[in-house]
**Student:** 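After the structure tokens below, expect a handful of questions from me.
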Amino acid sequence: MHKINQHHDKLLPSLVETYLTNNINSIDFNIFTTKNNQEELIKATLVAICQLYAVLQPQIMANQLNNAYFNYELPLLPVLAQIENNGIKIDSLALHQLSAEFKKQIADLSLDIYKLAETEFNIASPQQLAKVLYQQLKLGENIKHNNSTSAEILEEIDHPIAKNVLEFRKISKLKNTYTDVLPTLINPQTGRIHTTFSSTSTLTGRLASSNPNLQNIPSKTTEGKKIYNCFVARKDHLLLTADYSQIELRVLAHFANITSLIEAFKQNSDIHCLTASQIFQTPEQQVSEEQRNKAKAINFGIIYGISAFGLAKQLNISKQEASNYIASYFKTYQGIEQYIAKTMQEASENGFVKTISGRKCYISNINSADKILQNQAKRQAINAPIQGSAADIIKKATILMQEKLNFHKMASKIVLQIHDELVLEVAKEELEQIKVFLFETMQSTFNLRVPLLVNIELR
DNA sequence: CTCCTCACG
DNA sequence: ACGTACGTGAGGAGA
């Protein structure tokens with residue numbers, strides 16, 4: 001028997017139990033737990049699916065989820081199956097070499113750490129590490145660490161052992177999660193790696209990828225890029241990535257209908273630089289790197305449901321200063337504050353917020369008496385329509401792109417979707433045509449108040 | 001199994 | 001005064 005996602009394994013019996021037990025034609029769902037009669041199982045499965053459809057389809061209508069279901073989720077499903085099936089090729093020899101390289105680095109770092117600690121211990125144990133750092137070496141006495149050994153805390157500790165531990169953690173992570181594991185997951189039939197996508201397991205409608213998760217392949221650090229580069233195209237093909245530029249900020253500009261933001265996107269300006277120029281009252285040409293980074297953090301913060309505390313922590317500034325920046329941002333982009341208030345109220349009244357496809361994102365604690373939970377729910381309520389609508393847009397684009405590949409009988413295949421990005425394995429002779437298709441499809445999927453911009457790169 | 005930590009958008 | 005940036009999945013430790 002194939003290894004089946006545990007999630008899917010028990011889904012049908014559980015749906016039958018929930019929706020069909022009172023049905024006159026109810027089938028015996030015990031059949032799903034008896035494994036000896038394959039034919040009976042298939043028959044029962046088909047009957048269950050038909051009966052479930054009869055019960056659930058009217059609920060889709062009643063909940064006004066027609067558009068989200070029939071125009072997004074349902075057509076996306078076979079496309080995701082196709083992408084899973086396509087799989088992606090990895091260079092397992094190169095990954096093995098990286099594993100060996102990492103193994104040596106980890107051994108060297110361990111020795112350095114033991115020497116500095118004057119004791120041998122399990123560096124991978126947060127408990128043992130905290131004891132060494134905070135009790136034996138008495139480090140971090142001037143910071144409130146709560147015995148945490150997270151990277152965020154370690155970065156503040158000015159001692160060589162902290163740097164070594166950070167490096168040890170980074171390399172261990174890459175080795176244990178990626179270079180050691182990925183080669184073992186190559187399907188012997190296809191010679192490729194096949195992930196499993198779920199379109200129904202996130203709050204916002206984003207996809208989730210598992211077994212293995214191919215949406216978090218390292219790419220940021222120097223060592224991470226080495227792993228990223230082990231994902232390759234087969235002979236006479238190239239890997240091509242097409243990603244939406246700042247799609248969430250564009251969705252925000254569209255929803256909140258902020259004229260100056262919309263204009264900025266229409267003119268393809270550097271949005272973080274522009275924001276910095278407004279907040280810090282500086283001509284755009286004179287905006288410093290630091291100011292731009294701050295503005296970037298604020299722009300991201302807005303999408304996350306900003307708080308002075310969160311921004312202060314992110315930028316390592318005082319809460320008061322963060323608070324001033326936020327006020328300044330709201331003054332610059334008139335209408336954002338009102339949009340946020342409106343969205344929170346909608347969440348509070350309905351218990352959910354909606355994305356551009358009409359998908360409902362339920363915000364369970366929005367009316368909680370617990371202020372901490374309620375504030376968290378408020379941030380979710382702000383973030384969900386933005387993140388979820390961006391997910392809708394790329395879902396639609398994925399469906400349309402696969403249709404185009406099918407219609408033109410292209411040899412190129414979609415091999416990954418990573419939230420705002422499609423990765424294709426492109427037949428060399430199709431490269432120019434595929435680029436045109438990608439620009440056309442992805443950029444014209446939606447007519448928002450702002451243009452959608454796509455960047456395409458070979459990798 | 002839960003917690004901590006960290007990889008990605 | 002209180003604890004908080006949004007959304008995921010995976011590996012190791014420790015109970």
**Student:** Hey, does the Lys NZ or Arg CZ of R379(A) hover above the aromatic six-ring of Y304(A), less than 6.0 Å from the centre and inside 45° of the axis?
**Tutor:**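 No, R379(A) does not lie over the aromatic ring of Y304(A).
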**Student:** Under a 3.5 Å cut-off for both contacts, is dG9(B) paired Watson-Crick or G-U wobble with anything, and if yes, with which nucleotide?
**Tutor:**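 Its partner is dC6(C) (Watson-Crick or G-U wobble, both distances under 3.5 Å).
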**Student:** If I take atom CD in residue Q127(A) and atom P in nucleotide dA13(C), what distance separates them, rounded to the nearest angstrom?
**Tutor:**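 After rounding, the reported distance stands at 12 Å.
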**Student:** Side chains of Q374(A) and D370(A): is there a donor and an acceptor less than 3.5 Å apart?
**Tutor:**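 On atom types as modelled, these side chains do not qualify, holding no pair under 3.5 Å.
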**Student:** Base, sugar-phosphate or nothing for I386(A)? Non-hydrogen atoms, less than 4.0 Å.
**Tutor:**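 The answer is nothing, as I386(A) stays clear of every strand by at least 4.0 Å.
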**Student:** Can you tell me, in whole Å, how much space there is between the P of dC6(B) and that of dA1(C)?
**Tutor:**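 About 32 Å, rounded to a whole number of Å.
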**Student:** Given dA7(B), dC6(B), dG9(B), identify the nucleotide with an atom nearest to the side chain of D420(A).
**Tutor:**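 Looking only at side-chain atoms, D420(A) lies closest to dG9(B).
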**Student:** Between K170(A) and dA7(B), does any side-chain N or O lie under 4.0 Å from OP1 or OP2?
**Tutor:**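 No, no such contact exists.
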**Student:** Given dA10(C), dC6(C), dT8(C), identify the nucleotide with an atom nearest to the side chain of T177(A).
**Tutor:**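 Comparing dA10(C), dC6(C), dT8(C) against the side chain of T177(A), the answer is dA10(C).
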**Student:** Give the rounded distance in Å between these two atoms: CD1 of I340(A) and P of dC6(C).
**Tutor:**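 Those two atoms, CD1 and P, are 14 Å apart.
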**Student:** Do the side chains of K294(A) and E290(A) get close enough for a salt bridge, i.e. N-O under 4.0 angstrom?
**Tutor:**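 Yes, K294(A) and E290(A) are salt-bridged.
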**Student:** According to a strict under-4.0 Å criterion, is S125(A) in side-chain N/O contact with OP1 or OP2 of dG14(C)?
**Tutor:**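 Answer is yes, contact under 4.0 Å.
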**Student:** Taking any heavy-atom pair under 4.0 Å as a contact, classify N122(A): base, sugar-phosphate, or nothing.
**Tutor:**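 Sugar-phosphate only.
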**Student:** How far does the P atom of dC3(B) sit from the matching atom of dT4(C), given to the nearest Å?
**Tutor:**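 My reading of the P atoms in dC3(B) and dT4(C) gives 14 Å.
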**Student:** Heavy atoms under 4.0 Å, any strand shown: does S219(A) hit a base, just sugar-phosphate, or nothing?
**Tutor:**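 Sugar-phosphate: the residue S219(A), judged by heavy atoms under 4.0 Å, touches backbone atoms but no base.
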**Student:** Nearest to the side chain of K319(A), which nucleotide is it out of dG14(C), dG3(C), dG7(C)?
**Tutor:**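 For the K319(A) side chain, the nearest candidate turns out to be dG3(C).
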**Student:** Would you indicate which nucleotide in dG7(C), dA7(B), dG12(C) comes nearest to any side-chain atom of T204(A)?
**Tutor:**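 Nucleotide nearest to T204(A)'s side chain: dG7(C).
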**Student:** So what does A390(A) touch, heavy atoms closer than 4.0 Å: a base, only the sugar-phosphate, or nothing?
**Tutor:**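 Answer is nothing: A390(A) stays at 4.0 Å or more from every strand.
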**Student:** Taking any heavy-atom pair under 4.0 Å as a contact, classify A297(A): base, sugar-phosphate, or nothing.
**Tutor:**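 Base: the residue A297(A), judged by heavy atoms under 4.0 Å, touches a nucleobase.
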**Student:** Provide, to the nearest angstrom, the distance between the NZ atom belonging to K378(A) and the P atom belonging to dG3(C).
**Tutor:**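 Atom-to-atom, K378(A) to dG3(C), this comes out as 17 Å.
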**Student:** Looking at K173(A) and dC6(B), is any side-chain donor or acceptor paired with a base atom of the opposite kind under 3.5 Å?
**Tutor:**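 Indeed there is one.
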**Student:** Regarding Y244(A) and R250(A), is there a side-chain donor-to-acceptor distance under 3.5 Å anywhere?
**Tutor:**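 No, because no side-chain N or O of Y244(A) sits under 3.5 Å from a partner of the opposite role on R250(A).
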**Student:** How close do I113(A) and I161(A) get, counting heavy atoms only, and between which atoms?
**Tutor:**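 Residues I113(A) and I161(A), closest heavy atoms: O-CD1, 3.9 Å.
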**Student:** So does K313(A) get a side-chain nitrogen or oxygen closer than 4.0 Å to the phosphate oxygens (OP1/OP2) of dA5(C)?
**Tutor:**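 So the side chain of K313(A) is within the cut-off, an N or O lying under 4.0 Å from OP1 or OP2 of dA5(C).
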**Student:** Quickly work out the Y329(A) OH to dA5(C) P distance and round it to whole Å.
**Tutor:**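 Spelled out: OH on Y329(A) to P on dA5(C) is 20 Å.
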**Student:** With a 3.5 Å limit on both atom pairs, tell me what dC3(B) is paired to, counting Watson-Crick and G-U wobble, or say none.
**Tutor:**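 Across all strands, the one nucleotide that pairs with dC3(B) is dG12(C).
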**Student:** Would you indicate what I306(A) reaches in the nucleic acid, counting non-hydrogen atoms under 4.0 angstrom: base, sugar-phosphate, or nothing?
**Tutor:**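 Contact class for I306(A): base.
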**Student:** Take atom P in dT5(B) and the same atom in dC2(C), then report the distance between them in whole Å.
**Tutor:**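 23 Å, rounded to whole Å.
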**Student:** Just compare dA7(B), dC6(B), dG3(C) and give me whichever is closest to any side-chain atom of Y178(A).
**Tutor:**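 So the side chain of Y178(A) is nearest to dA7(B).
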**Student:** Could you tell me whether G301(A) contacts a base, only the sugar-phosphate backbone, or nothing, with contacts defined as non-hydrogen atoms closer than 4.0 Å?
**Tutor:**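 G301(A): base contact, heavy atoms under 4.0 Å.
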**Student:** Going by atom types alone, do Q82(A) and N86(A) pair a side-chain donor with an acceptor below 3.5 Å?
**Tutor:**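 Indeed, the side chains of Q82(A) and N86(A) share at least one donor-acceptor pair under 3.5 Å.
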**Student:** Can you tell me the distance, in whole Å, between the CD atom of E223(A) and the P atom of dC6(B)?
**Tutor:**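 Those two atoms, CD and P, are 15 Å apart.
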**Student:** Give the rounded distance in Å between these two atoms: CG of N216(A) and C1' of dG9(C).
**Tutor:**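 My rounded result for the distance is 6 Å.
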**Student:** Aromatic contact between F330(A) and Y325(A), with the criterion being ring centroids under 6.0 Å apart: yes or no?
**Tutor:**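 Here the rings of Y325(A) and F330(A) have centres that are no less than 6.0 Å from each other.
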**Student:** Respond yes when some side-chain nitrogen or oxygen of N211(A) is under 4.0 Å from OP1 or OP2 of dA10(C), and no when none is.
**Tutor:**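 Yes, such a contact exists.
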**Student:** Between Q128(A) and dG14(C), does any side-chain N or O lie under 4.0 Å from OP1 or OP2?
**Tutor:**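 Affirmative; the distance criterion is met.
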**Student:** Touch check for N375(A), heavy atoms < 4.0 angstrom, all strands: base, sugar-phosphate only, or nothing?
**Tutor:**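 Base, at least one base heavy atom under 4.0 Å.
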**Student:** Of the options dG9(C), dA7(B), dG7(C), whose atoms approach the side-chain atoms of P218(A) most closely?
**Tutor:**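 Nearest nucleotide to the side chain: dA7(B).
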**Student:** For dT8(C), does OP1 or OP2 lie under 4.0 Å from any side-chain N or O of R206(A)?
**Tutor:**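 For dT8(C), OP1/OP2 do not have a side-chain N/O of R206(A) under 4.0 Å.
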**Student:** Check the distance between dG9(B)'s P and D243(A)'s CG and give it to me in whole angstrom.
**Tutor:**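 To the nearest whole Å, that distance equals 9 Å.
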**Student:** Which nucleotide sits closest to the side chain of F309(A): dT4(C), dG9(C), dG7(C)?
**Tutor:**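 Shortest atom-to-atom distance from the side chain points to dT4(C).
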**Student:** At under 4.0 Å, does any side-chain N or O of Q380(A) touch on OP1 or OP2 of dG7(C)?
**Tutor:**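 Checking dG7(C) against Q380(A), a side-chain N or O does come within under 4.0 Å of OP1 or OP2.
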**Student:** Taking OP1 and OP2 of dC8(B), is either one under 4.0 Å from a side-chain nitrogen or oxygen of N213(A)?
**Tutor:**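 The answer is no; no side-chain N or O of N213(A) sits under 4.0 Å from OP1 or OP2.
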**Student:** Does a side-chain N or O from S148(A) land closer than 4.0 Å to OP1 or OP2 of dT5(B), or not?
**Tutor:**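 Result: yes.
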**Student:** K371(A) near the nucleic acid: base, sugar-phosphate alone, or nothing, with a heavy-atom cut-off under 4.0 Å?
**Tutor:**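 If one applies the 4.0 Å heavy-atom cut-off, K371(A) turns out to touch nothing in the nucleic acid.
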**Student:** Counting the atoms with a prime plus P, OP1 and OP2 as sugar-phosphate, which does L203(A) contact under 4.0 Å by heavy atoms, base, sugar-phosphate, or nothing?
**Tutor:**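 Sugar-phosphate, backbone atoms only, no base.
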**Student:** I want to check a possible cation-pi pair here: K360(A) against F352(A), using under 6.0 Å from ring centre and within 45° of the ring axis as the test.
**Tutor:**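 Judged by the rule, K360(A) and F352(A) form a cation-pi pair.
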**Student:** Between dA13(C) atom C1' and N176(A) atom CG, what is the distance in whole Å?
**Tutor:**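 The distance from CG of N176(A) to C1' of dA13(C) comes to 12 Å, rounded to the nearest Å.
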